[in-house]
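Here is the structure we will look at, set down as structure tokens.
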Amino acid sequence: MMNMYDIKGKIAIVTGGGGVLGGSISKSLIQAGAKVVVLDIRQENVDRKVDELIKMGGEAIGFVSNVLDVEEMKITRDKITNSWGKIDILINAAGGNLPGATLREDQDVFDMKIEDFEKVTNLNLNGTVYPCLVFGEVMAKQGEGSIINVSSMATLSAITRVPGYSVAKSGIDIFTKWMAMELGTKFGEKVRVNAIAPGFFIGDQNRKVLINEDGSYTERSKKVLARTPMKRFGDITELNGIVQFLCSGASSFITGTVIPVDGGFSSFSGV
């Protein structure tokens with residue numbers, strides 16, 4: 001009997017593939033037997049990750065590609081299809097908050113710099129929309145493919161200090177549902193679009209607001225953990241299982257969903 005979770009030989013594009021989230025997902029896809037295309041805005045990140053994936057025994061290629069540059073991505077798309085013939089999976093892992101778009105504790109929203117708001121909303125919203133349009137077109141023509149976007153706990157209720165990130169990720173939620181409807185109704189049931197909504201993971205971008213210099217938790221961390229039934233932060237690798245599930249035939253009747261991976265944060269009122 002064929003393993004319904006099998007993704008061996010599938011061609012998977014990971015935007016932001018040289019980063020922490022995209023890099024972790026790329027490694028898990030290689031371990032599952034997929035062929036991975038690493039896209040990142042920095043050449044050194046691309047080279048390092050592709051080299052790592054190949055040393056794991058996998059098949060990987062990489063390209064410097066800006067998720068906000070549609071014409072550049074179209075050129076990259078043609079290179080991928082010329083090399084490997086098709087695109088089965090798109091993981092939109094590029095994104096993240098920017099320091100200038102995070103309000104300090106002594107600031108309010110009227111202190112926010114508009115240019116920083118625009119940068120973070122552009123990266124996190126259009127930086128997913130544009131790859132969906134460019135690479136999703138290949139899937140539409142094939143009549144098959146799985147797109148996975150990355151949402152956030154910042155869409156479920158107001159989280160202090162991150163207005164731009166919250167707005168952008170909320171846009172990801174409805175775009176995921178809209179794109180699932182559009183592709184499913186016009187290009188067939190096998191073209192699916194879903195999103196994962198990570199809970200709280202300690203990474204380079206949020207370490208300073210979650211961890212004090214002495215290694216102890218900040219007040220923000222304590223508030224997060226008080227709302228998390230599992231009483232801990234997630235490990236980045238704990239996102240890999242849901243990603244593989246959504247890439248595989250095991251999720252063949254799932255599209256237009258936003259699935260929390262959050263230790264129960266989204267289900268708990270805190271009371």
Side-chain angles (χ1 to χ4, degrees), residues 1-17 22 25-26 28-39 58-63 65 67 69-94 125-151 171-196 239-259:
M1 180 178 177
M2 188 181 72
N3 180 358
M4 68 174 68
Y5 299 95
D6 185 20
I7 59 170
K8 289 179 182 176
K10 289 188 178 292
I11 311 302
I13 297 174
V14 183
T15 73
I25 291 172
S26 295
S28 74
L29 292 172
I30 285 288
Q31 290 168 340
K35 300 178 181 180
V36 173
V37 183
V38 174
L39 301 188
E59 292 187 61
I61 56 176
F63 301 96
S65 194
V67 292
D69 189 330
V70 170
E71 294 307 313
E72 182 181 69
M73 281 191 291
K74 287 181 178 179
I75 294 171
T76 300
R77 178 187 64 192
D78 292 342
K79 291 178 180 178
I80 294 167
T81 54
N82 287 338
S83 296
W84 282 346
K86 61 176 182 172
I87 298 170
D88 299 303
I89 298 163
L90 170 63
I91 314 290
N92 281 306
L125 181 54
N126 292 333
T128 288
V129 171
Y130 297 167
C132 283
L133 299 178
V134 172
F135 301 115
E137 186 175 11
V138 175
M139 298 180 185
K141 290 177 179 178
Q142 292 170 174
E144 187 172 7
S146 177
I147 297 173
I148 302 173
N149 299 326
V150 178
S151 180
I172 292 296
D173 283 6
I174 192 59
F175 178 73
T176 296
K177 296 173 183 178
W178 191 94
M179 199 69 171
M181 173 275 299
E182 178 76 0
L183 296 184
T185 56
K186 295 180 180 178
F187 298 97
E189 64 174 76
K190 293 184 178 180
V191 190
R192 300 181 297 111
V193 187
N194 292 286
I196 59 172
L239 295 169
N240 296 338
I242 190 65
V243 169
Q244 182 169 341
F245 169 69
L246 292 173
C247 290
S248 74
S251 59
S252 58
F253 198 50
I254 299 176
T255 195
T257 64
V258 181
I259 301 175

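For clarity, every value in this text was computed on a predicted model and none was experimentally measured. Just so you know, residue 1 is the first one in the sequence shown, and it goes up from there.
- Atom CE of Met139 is separated from atom NZ of Lys86 by 11.0 Å, given to the nearest 0.5 angstrom.
- Ser251 places a side-chain N or O within donor-acceptor distance of the main-chain N or O of Leu246, the cut-off being under 3.5 Å.
- The distance from atom OG of Ser65 to atom NZ of Lys79, rounded to the nearest 0.5 Å, is 9.0 Å.
- Here the side chains of Val138 and Ile80 are not in contact, with every heavy-atom distance at 4.5 Å or above.
- With values rounded to the nearest 0.5 angstrom, Phe245 atom CZ is found 3.5 Å from Ile254 atom CD1.
- Nearest heavy atoms, Ile30 versus Gly58: CG2-CA, 3.8 Å.
- Side chains of Asn92 and Ile148 form no contact here, defined as non-hydrogen atoms less than 4.5 Å apart.
- Looking at heavy atoms from C-beta onward, Val37 lies in side-chain contact with Phe63 at the 4.5 angstrom threshold.
- Within the 4.5 Å cutoff, side-chain heavy atoms of Leu39 are placed close to those of Phe135.
- Put simply, CG on Leu29 and CD1 on Ile13 are 12.0 Å apart, with the number rounded to the nearest 0.5 Å.
- Separation of atoms CD (Glu189) and CD (Glu144) is listed at 10.0 Å; rounding is to 0.5 Å.
- Nearest heavy-atom pair, Val38 versus Ser26, reported as atom, atom and distance to 0.1 Å: CG2-OG, 4.4 Å.
- Heavy atoms only, all atoms of each residue included: Ile61 and Ser83 are closest at CD1-CB, 4.4 Å.
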Can you list the steps and then say if Leu133 with Met179 is a side-chain contact (heavy atoms from CB on, under 4.5 Å)?
CA-CA 9 Å; Leu133 299 178; Met179 199 69 171; 4.0 Å; yes
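- Here the side chain of Thr257 pairs no donor or acceptor atom with the backbone of Ile259 at under 3.5 angstrom.
- Closest heavy-atom contact between Ile7 and Gln244: CD1-CG, 4.0 Å.
- The two residues Asp88 and Gly9 have their closest heavy-atom pair at OD2-O, 4.4 Å.
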Show, in sequence, the C-alpha distance, side-chain angles and deciding distance for Ile11 and Ile89, and conclude whether the side-chain contact (heavy atoms from CB on, under 4.5 Å) test is met.
CA-CA 6 Å; Ile11 311 302; Ile89 298 163; over 6 Å; no
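- Between Met73 and Pro131, some side-chain heavy-atom pair lies under the 4.5 Å cut-off.
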Apply the test side-chain contact (heavy atoms from CB on, under 4.5 Å) to residues Ile91 and Cys247: give CA-CA distance (whole Å), side-chain angles for both, the deciding distance (0.1 Å), then the verdict.
CA-CA 9 Å; Ile91 314 290; Cys247 290; 4.1 Å; yes
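- Atoms CG and NZ, on Asn3 and Lys8 in that order, are 8.0 Å from each other to the nearest 0.5 Å.
- Of the possible donor and acceptor atoms, none in the side chain of Ser248 sits under 3.5 Å from a partner among the backbone N and O of Asp6.
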Decide side-chain contact (heavy atoms from CB on, under 4.5 Å) for Ile147 and Leu183; before the verdict, give the C-alpha distance in whole Å, the side-chain angles of both, and the deciding distance to 0.1 Å.
CA-CA 11 Å; Ile147 297 173; Leu183 296 184; 4.3 Å; yes
Could you give me the CA-CA distance, side-chain angles and deciding distance for Asn149 and Thr176, then say whether side chain to side chain donor-acceptor pair (under 3.5 Å) is met?
CA-CA 7 Å; Asn149 299 326; Thr176 296; 3.0 Å; yes
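- In this structure, Asn194 and Gly256 approach most closely via the heavy-atom pair OD1-N, 3.2 Å.
- Considering only heavy atoms from C-beta on, Thr15 comes within 4.5 Å of Leu90 through its side chain.
- Residues Val150 and Ile172 form no side-chain contact, since every pair of their non-hydrogen atoms from C-beta on lies 4.5 Å or further apart.
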